[in-house]
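Here the structure comes first, spelled out in structure tokens, and everything after it is commentary.
Positions are given from 1 along the sequence.
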Amino acid sequence: MHRRIIVPSALAASLLLAIPASAADFVPGAPGIGDSYYPTSGNGGYDVSHYDLRLKYQPATDLLEGTATIVATTKQNLSRFNLDIGLAVSEVRVNGRLAKFAASGAHELEVTPATPLEKNKAVSIVVRYAGKPSEVKIDGWTAWARTPDGGVAAQEPDSAAWWFPSNDHPLDKATFDVSVSVPDGTQAISNGVLQSQSSRLGWTRFNWRSNKPQATYLATLAVGKFDITTDRTANGLPVINAYSKDLGDNAGAARASVERTTEVAEWLESVFGPYPFNSLGGYVPNVTSGFALETQTRPFYSPRQFANGANASVVVHELAHQWYGDSVSVRDWKDIWVNEGFARYSQWLWSEKEGEGTAQELADYVYATRSADDPFWTVKPGDPGAENQFHIAVYDRGALALQALRNEIGDEDFFAILKGWPQRFAYGNARVADFVRYAEQVSGKPLAGLFDTWLYEPSKPSASTAAQAGPAARAAAPRAAERSKPVQPKSWKKIAATNTVHETDRPGGHRHDAH
């Protein structure tokens, strides 16, 4: 009897499942991923797992030709979806079939597959495109820099649209294979490990692989004539550094800094835990910019970073980002403190290790040299606003927050947090609130008030509050108002010289001030 009742209902259910979703059930993916600062960044409806980029670049003309194969999974029933790209597209195929496409907005490519895409299905997207990246302007600026012998893609918060189609937001990370053909005698540098290199008919192809999830803005490409040094770490990871051959007077200082990459990374492992990627290194192309960027496994450095001599502090900053910013990335660009506050604090810890000023002395100096009416204190590192995303307060006040945390919970719990956080959120994304909760879990203390004071209040914390930050601050706070020239830690100038690390050329982009 029971069987006769169950079978018809089961049959009806199976028939319902067999009926294809109607066209009304398929809708376009959102043209943005939902970022609070950059609403058009990224796209909705799918998640990318891998980018395979096959490129050809001619330095003499700045012509880039590419075929991108994107492996993704749908997150909803899709009638259409967007990609972010600024170059001209000639063909798109979805699951092997030609798809319709149309450019819209500043960098959107609307793709309509031949048949709608069902939710939770694997999808392959092949895009053929070409153009001159340096001539592409998105919102009035470019992330592509031409050099005397090539070109470079490196910018934050986005650079991908100038050289490949993508879901351009840190929330959608993927692995990368980047294969680049350039004229013989020219090299192509990218992220990860150089898998192979071959020459044919006057062209040399370089095949790079980044095998851990990577945000699109952390993908980089540099084409030019480089001096390349290679080595291996004690753990066997390849170290690849590259320097343009025409760096002029900055060449020696650049090498003297970037060649310390292995040493710095080994020290950072003692602070943050195991290095998270398959290679390390850095590159210094002949660009006119002044910033540096934590492009994954192979940070980008402008020659101007070394204009006053060698500076290991900038290497510390960009390598610290491999844990804080690259392995653990922002969920939303307003969470930039989980990148920059920690990279700056790593410079303070390096100073402490080198005997050039403790983190507490640096914290006291920042507090004492910024008067209460300094606009520095009106910027909230926990949510600075897009216009202040890379303001010096995100760095220095952001590091003050960490020193306050260290003194509140003690070194044992503090350094356990610094090591545990990159493990807890490895290869993923996190918010400022996630860090606050994690710090409370590890320390067993309520910390919301402390973080609110240092990350969210648009005013200088009172001397009494600052005095709670530790014994040195207790001594310094009463004196701070009396002395006009607080003692400057020995490391200060080297650290301040890196205040331009994320200075952008974007219209309206904030330019750091330095003391």
Side-chain angles (χ1 to χ4, degrees), residues 26 28-33 38-58 61-74 78-117 122-144 146 151-153 155 158-169 172 174 176-182 188 190 215-217 219-221 223:
F26 290 85
I33 210 165
Y38 305 104
T40 64
S41 288
N43 307 287
Y46 64 96
D47 183 80
V48 178
S49 59
H50 185 72
Y51 292 95
D52 184 278
L53 308 178
R54 191 168 182 85
L55 312 173
K56 183 177 183 180
Y57 181 71
Q58 176 53 266
T61 60
D62 194 43
L63 178 63
L64 177 72
E65 299 170 272
T67 300
T69 301
I70 302 168
V71 180
T73 302
T74 54
L78 282 173
S79 60
R80 189 183 77 213
F81 61 89
N82 284 25
L83 293 167
D84 299 300
I85 185 170
L87 297 170
V89 172
S90 59
E91 182 179 286
V92 179
R93 288 181 179 268
V94 177
N95 293 334
R97 299 179 64 185
L98 282 171
K100 294 179 181 178
F101 61 92
S104 70
H107 53 74
E108 302 286 341
L109 184 74
E110 297 179 352
V111 178
T112 305
T115 56
L117 304 175
V123 57
S124 66
I125 307 154
V126 177
V127 182
R128 297 184 188 277
Y129 58 99
K132 296 183 177 182
S134 64
E135 296 179 2
V136 174
K137 296 290 192 292
I138 297 175
D139 297 330
W141 71 293
T142 180
W144 182 272
R146 288 205 75 179
V152 177
Q155 236 332 331
D158 38 32
S159 66
W162 281 265
W163 63 291
F164 68 96
S166 71
N167 192 10
D168 197 9
H169 191 276
D172 194 357
F176 279 75
D177 280 319
V178 179
S179 176
V180 191
S181 184
V182 294
S190 191
T216 45
Y217 86 95
T220 192
L221 176 63
V223 176

Nearest-0.5 Å distance, [atom1] of residue [X] to [atom2] of residue [Y]:
X	Y	atom1	atom2	value
Leu117	Asn95	CG	CG	6.0 Å
Ser124	His50	OG	NE2	12.0 Å
Phe81	Asn43	CZ	CG	9.5 Å
Ser166	Leu83	OG	CG	7.5 Å
Ser190	Leu53	OG	CG	8.0 Å
His107	Asp158	NE2	CG	7.0 Å

Any side-chain heavy-atom pair from [X] and [Y] closer than 4.5 angstrom?
X	Y	answer
Val123	Tyr46	no
Trp162	Thr142	yes
Leu78	Arg80	no
Tyr129	Ser90	no
Val92	Val126	no

### Query
How would you list all residue pairs meeting salt bridge (charged side-chain N to carboxylate O under 4.0 Å, His left out) that involve residues 39-50, not counting sequence neighbours?
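Sorted pair list comes back empty.
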
### Pairs meeting criterion salt bridge (charged side-chain N to carboxylate O under 4.0 Å, His left out) with involvement of residues 83-93, two or more places apart
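The answer is Glu91-Arg93, Glu91-Arg128.
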
If you take all heavy atoms of [X] and [Y], which pair is closest and at what distance?
X	Y	value
Ala130	Leu87	O-CB, 3.8 Å
Ala188	Val182	CB-CG1, 4.3 Å
Ser79	Pro28	OG-N, 3.1 Å
Ala219	Ser159	O-OG, 4.0 Å

Under 3.5 Å, which donor-acceptor pairs link side chains of residues 108-116 to any protein atom two or more places apart or in another chain?
{"residue": "Glu108", "atom": "OE1", "partner": "Asn82", "partner atom": "ND2", "Å": "2.9"}
{"residue": "Glu110", "atom": "OE2", "partner": "Ser104", "partner atom": "OG", "Å": "3.2"}

### Main-chain N/O of Ser134 paired with Asp62 side-chain donor or acceptor, under 3.5 Å
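Yes; judged by distance alone, with no hydrogens or angles, the pair exists.
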
### Query
Got more than 12 heavy atoms from elsewhere within 6.0 Å of NZ, Lys137?
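Buried by this count: over 12 neighbours within 6.0 Å.
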
### Task
Please confirm whether Trp144 and Tyr57 have ring centers closer than 6.0 angstrom.
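Between Tyr57 and Trp144, which both carry aromatic rings, the centre distance is below 6.0 Å.
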
### Query
Taking the six-membered ring for Trp, are the ring centroids of Phe164 and Phe176 within less than 6.0 Å of each other?
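Yes, they do, as the ring centres are separated by less than 6.0 Å.
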
### Message
Exactly one of Thr73, Val71, Ile70, Asp172 should register a side chain to side chain contact (heavy atoms under 4.5 Å, CB included) with Ser49. Which one does?
### Response
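Passing option: Val71.
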
### Query
Is a side-chain donor-acceptor pair under 3.5 Å present for Asp168 with Thr216?
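Yes, Asp168 and Thr216 have a side-chain donor paired with an acceptor closer than 3.5 Å.
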
